[in-house]
Amino acid sequence: MLEIKFVRQNLAAVQQSLATRGDKTDWTAFNQADQQRTTILAEIEQLRHSRNVASEQIAQLKREGVDAEQKMAEMRSVGDRIKALEKDLIEHEENLKTILLSIPNIPHASVPVGQNAEDNPVVKTIGHPPAFGFEPKGHWDIGESLGILDFGRAAQITGARFPLYLGAGARLERALINFMLDIHTLEHGYTETLPPFIVNRQSMTNTGQLPKFEADLFKLENWDYFLIPTAEVPVTNIHAGDTLPEERLPLYYTAYTPCFRSEAGSYGKDTRGLIRQHQFNKVELVKFAAPETSYDELESLLHNAETILERLGLAYRVIALCTGDMGFSAAKTYDIEVWMPAQGVYREISSCSNFEDFQARRANIRFKRKGQKGTQLVHTLNGSGLAVGRTVAALLENYQQADGSVIIPEALRPYMGGKDRIA
RNA sequence: GGAGAGAUGGCCGAGUCGGUCGAAGGCGCUCGCCUGCUAAGCGAGUGUGUGAGGAAACUUGCACCGAGGGUUCGAAUCCCUCUCUCUCCGCCA
């Protein structure tokens, strides 16, 4: 959520900036609701003031044993007027809030302007795609013929777009989770968390999934609860409502969670394999930082995620998302894309964003500077470190051998019971 | 699932029959004084949000005592609903 005062005072600039993201806010409705709210609020406050004064006088009169009936009668009508105005006010405030909650974040000045994914510039490309003396197979073929992935049986259990890992495949998934968590906790200083996988409506609203994107979420029947689409939601909400002392910043958290996405409207894309599933595992990185450091923190967060790919020896590149391709809450986003030999393309495996104070305002996450009055909103950041299913897919494809086996990269072997190959 | 208790400022904790309560007292913290150092002592200050005025210090309106609603001229205090926490019972991994 943007600060209403800021929007009001910089309306033209805000509109111009959001236009680069293809935003469709109804600014007339916004202005109207805002102005009416201000007018009504001013009157209410004035009336409440006179009521407060009168109440004090009534108390005084009663103490002196003087009759206060006249004053009380007078205040009865004031009270009625306040009540009526308050009803009005709530209506306008709700309008305003609905609009405000649906306005995306303002892109950082360094974000390239563009329409869609094709306009995302490549920031850097690391490593070299492996050369094969044969036609590399898709990870779904490799996985199914090794007996470590079975999408048919997963469909029997649930439906399309759910994974079933078996044997070394399940072990590989678990190994990667531990591998990633160990690096982030032991080397990068993140605190490990294991949050709820189901969250309430408020938490979803705080991080920006709601109110606009309810269709992408799985909702529980008879509960106002949702399956998390990413650990970002529960982990960011750890500090919802908190005022943190400055010394505690920056805070780093990591979490392994499954993620659930209904991916409404994505049918037909990536129908094979692990790339686009309704349920997948992810190790997430979340940071809370002071505003002046948040862009440095974004860079280091990105490096933390990159480290995993480097250790696994996977080729990847980093792209900067352009204004038209960024997510709703982000002020700036880097995507890491891993090389997928079967299709010969780089595929997203991590997304690292700085949300600035957009989520913090919604979730009311503040910090207090020593010796300074008042509080300030923190900046929140997060990134995948990494999407585990897609990492498995990349490993299978990049380390496949002519005989159909798959080499396990050295760094992962301790997590695979010393195994160096899946055959 | 059943029965009961509770939710107040950074923390502990008071709030009487609703009125001078944004909230006693203590702890903590900040500043000052004092003390050879430390400790103790003394004095002052010490919530958040939002609006107005001011360069600022600050002054001032409104709101906030788990959340929402109600009663009332007036609610931290009374009533209702919800949420959460704790205790006991049941059930269960």
Side-chain angles (χ1 to χ4, degrees), chain A residues 1-10 30-31 33-98 100-101 194-206 210 220 222-226 234 237-249 251 258 288 291 357-378:
Chain A
M1 192 164 64
L2 302 176
E3 185 185 13
I4 189 160
K5 193 164 42 167
F6 177 82
V7 175
R8 212 181 274 144
Q9 289 168 355
N10 304 279
F30 171 84
N31 278 325
D34 183 38
Q35 277 160 24
Q36 280 169 332
R37 189 199 80 104
T38 309
T39 309
I40 295 169
L41 187 63
E43 192 181 345
I44 287 179
E45 292 205 343
Q46 206 171 2
L47 289 172
R48 286 206 277 230
H49 177 58
S50 68
R51 184 180 65 184
N52 287 346
V53 172
S55 291
E56 199 120 320
Q57 290 169 347
I58 289 166
Q60 182 66 30
L61 291 174
K62 289 209 158 183
R63 245 175 277 126
E64 292 167 359
V66 182
D67 176 64
E69 187 48 48
Q70 196 193 326
K71 201 113 216 164
M72 282 161 66
E74 216 175 287
M75 281 306 112
R76 259 189 279 274
S77 69
V78 171
D80 290 344
R81 175 83 180 133
I82 291 175
K83 227 166 248 182
L85 284 171
E86 278 175 343
K87 218 178 126 195
D88 255 30
L89 180 73
I90 287 169
E91 203 174 298
H92 287 111
E93 280 188 334
E94 277 172 2
N95 279 343
L96 201 59
K97 186 113 200 196
T98 306
L100 220 46
L101 283 173
L194 187 59
F197 303 158
I198 295 174
V199 301
N200 60 31
R201 181 172 292 275
Q202 186 63 56
S203 293
M204 284 291 187
T205 305
N206 285 347
L210 291 179
L220 269 64
N222 299 328
W223 295 73
D224 206 15
Y225 290 172
F226 302 83
N237 276 288
I238 288 173
H239 289 299
D242 283 355
T243 300
L244 303 158
E246 183 184 18
E247 315 85 80
R248 284 190 65 190
L249 298 180
L251 278 166
F288 300 83
D357 61 15
F358 189 84
Q359 294 180 325
R361 184 171 294 107
R362 289 169 166 243
N364 194 23
I365 308 171
R366 306 177 155 270
F367 75 104
K368 182 166 177 51
R369 291 191 202 268
K370 237 186 156 140
Q372 266 188 36
K373 281 183 79 166
T375 58
Q376 238 181 306
L377 294 165
V378 304

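Residue numbering restarts at 1 for every chain, and letters A, B, ... go by the order of the sequence lines.
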Filtered N/O pairs between nucleotides 56-63 of chain B and protein, under 3.5 Å:
{"residue": "B:G61", "atom": "O3'", "partner": "A:His49", "partner atom": "ND1", "Å": "2.8"}
{"residue": "B:G61", "atom": "N2", "partner": "A:Glu45", "partner atom": "OE1", "Å": "2.7"}
{"residue": "B:G61", "atom": "N2", "partner": "A:Glu45", "partner atom": "OE2", "Å": "3.3"}
{"residue": "B:C62", "atom": "OP1", "partner": "A:His49", "partner atom": "ND1", "Å": "2.8"}
{"residue": "B:C62", "atom": "OP1", "partner": "A:Asn52", "partner atom": "ND2", "Å": "3.1"}
{"residue": "B:C62", "atom": "O2'", "partner": "A:Arg48", "partner atom": "NH2", "Å": "3.4"}
{"residue": "B:A63", "atom": "OP2", "partner": "A:Asn52", "partner atom": "ND2", "Å": "3.4"}

Between the protein and nucleotides 68-71 of chain B, which nitrogen or oxygen pairs are less than 3.5 angstrom apart?
{"residue": "B:U71", "atom": "OP2", "partner": "A:Lys83", "partner atom": "NZ", "Å": "3.1"}

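A donor-acceptor pair under 3.5 Å is absent between the side-chain atoms of A:Arg37 and the main chain of A:His92, judged by distance alone.
Atom-to-atom, CD1 of A:Ile40 to C1' of B:G51 comes out at 16 Å; the value is rounded to the nearest Å. What separates CD of A:Glu56 from C1' of B:C73 is a distance of 13 Å, to the nearest Å. One interatomic measurement links the two molecules: CZ of A:Arg362 to C1' of B:G49, which rounds to 19 Å at whole-angstrom precision. Whole-Å rounding puts the A:Gln376 CD to B:U50 P distance at 12 Å. The distance from atom CD of A:Glu93 to atom P of B:G51 is 12 Å, rounded to the nearest whole Å. Atoms CD1 (A:Ile44) and C1' (B:U50) sit 14 Å apart, rounded to a whole Å. For A:Arg369 and B:U48, the CZ to P distance is 15 Å, given to the nearest whole Å. Here B:A67 presents its P atom at 21 Å from CZ of A:Arg201, a figure rounded to the nearest Å.
Distance check, rounded to the nearest 0.5 Å: OG1 of A:Thr39 to CG of A:Asp34 gives 9.0 Å. A distance of 10.5 Å separates CD of A:Gln70 from CE of A:Met75, quoted to the nearest 0.5 Å.
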- request: For RNA chain B, produce a single dot-bracket line, 5' to 3'. Pairs: Watson-Crick or G-U wobble, both distances under 3.5 Å. Symbols: ( ) within strand, [ ] crossing, | other strand, . unpaired.
  value: ((((((((.[[[..)...(.....]]]((((((.......))))))(((((((....))))))).[[[[[..)....]]]]])))))))....
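Residue A:Thr375 is in sugar-phosphate contact alone, with no base atom involved, counting any heavy-atom pair closer than 4.0 Å across all strands shown. Looking at heavy-atom distances under 4.0 Å, A:Met72 makes contact with a base.
Comparing the same atom, P, in B:G66 and in B:C11 gives a spacing of 13 Å after rounding to whole Å. Across B:A76 and B:U20, the matching P atoms stand 10 Å from one another, rounded to whole Å. Going from the P atom of B:C42 to that of B:G53 covers 44 Å, rounded to whole Å. Rounded to whole Å, the P atom of B:A67 lies 29 Å from the corresponding atom of B:C27. Comparing B:A5 with B:U59, their C1' atoms are spaced 45 Å from each other, to the whole Å. Comparing the C1' positions of B:C62 and B:G22 gives an interatomic distance of 13 Å, to the nearest angstrom. B:G90 and B:C78 have their P atoms separated by 34 Å, given to the nearest Å. Taking atom C1' in both B:G26 and B:U8, the straight-line distance is 15 Å, to the nearest Å.
Here A:Glu91 pairs with nothing under the side-chain hydrogen bond (donor to acceptor under 3.5 Å, both in side chains) rule; sequence neighbours left out. The side-chain hydrogen bond (donor to acceptor under 3.5 Å, both in side chains) test applied to A:Glu43 returns A:Arg81, not counting sequence neighbours.
When the side-chain nitrogen and oxygen atoms of A:Lys368 are compared with OP1 and OP2 of B:U48, one or more of them lie within a distance under 4.0 Å.
Closest non-hydrogen pair, A:Leu377 versus A:Phe367, comes out as O-CE2, 3.6 Å. The minimum heavy-atom distance between A:Val78 and A:Leu47, with the atom names listed, is CG1-O, 4.0 Å. In terms of heavy-atom proximity, A:Phe30 sits nearest to A:Val7 at CZ-CG1, 3.6 Å. For the pair A:Pro234 and A:Val199, the tightest heavy-atom approach, listed with the atom from each and the gap, is CB-CG1, 4.1 Å. Smallest separation of non-hydrogen atoms from A:Leu101 and A:Met1: CD2-SD, 3.9 Å.
Residues A:Leu89 and A:Leu85 are not in side-chain contact: their nearest non-hydrogen atoms beyond the backbone lie 4.5 Å or more apart.
Side-chain atoms of A:Ser55 lie closest to B:G74 of the nucleotides B:G74, B:U20, B:G51.
Projected onto RNA chain B by closest heavy-atom contact, A:Gly374 and A:Met75 fall at different nucleotides, the more 5' of which corresponds to A:Gly374. If you find the closest nucleotide of RNA chain B to A:Ala54 and to A:Arg37, the one lying nearer the 5' end belongs to A:Arg37.
Residue pairs meeting the side chain to side chain donor-acceptor pair (under 3.5 Å) criterion with at least one member in residues 49-58 of chain A, sequence neighbours excluded, are A:Gln57-A:Lys71.
Applying the 6.0 Å contact sphere to CZ of A:Phe197 captures more than 12 heavy atoms from other residues, nucleotides or ligands.
For B:U72, its base never sits under 3.5 Å from the side chain of A:Arg76 at any donor and acceptor pair.
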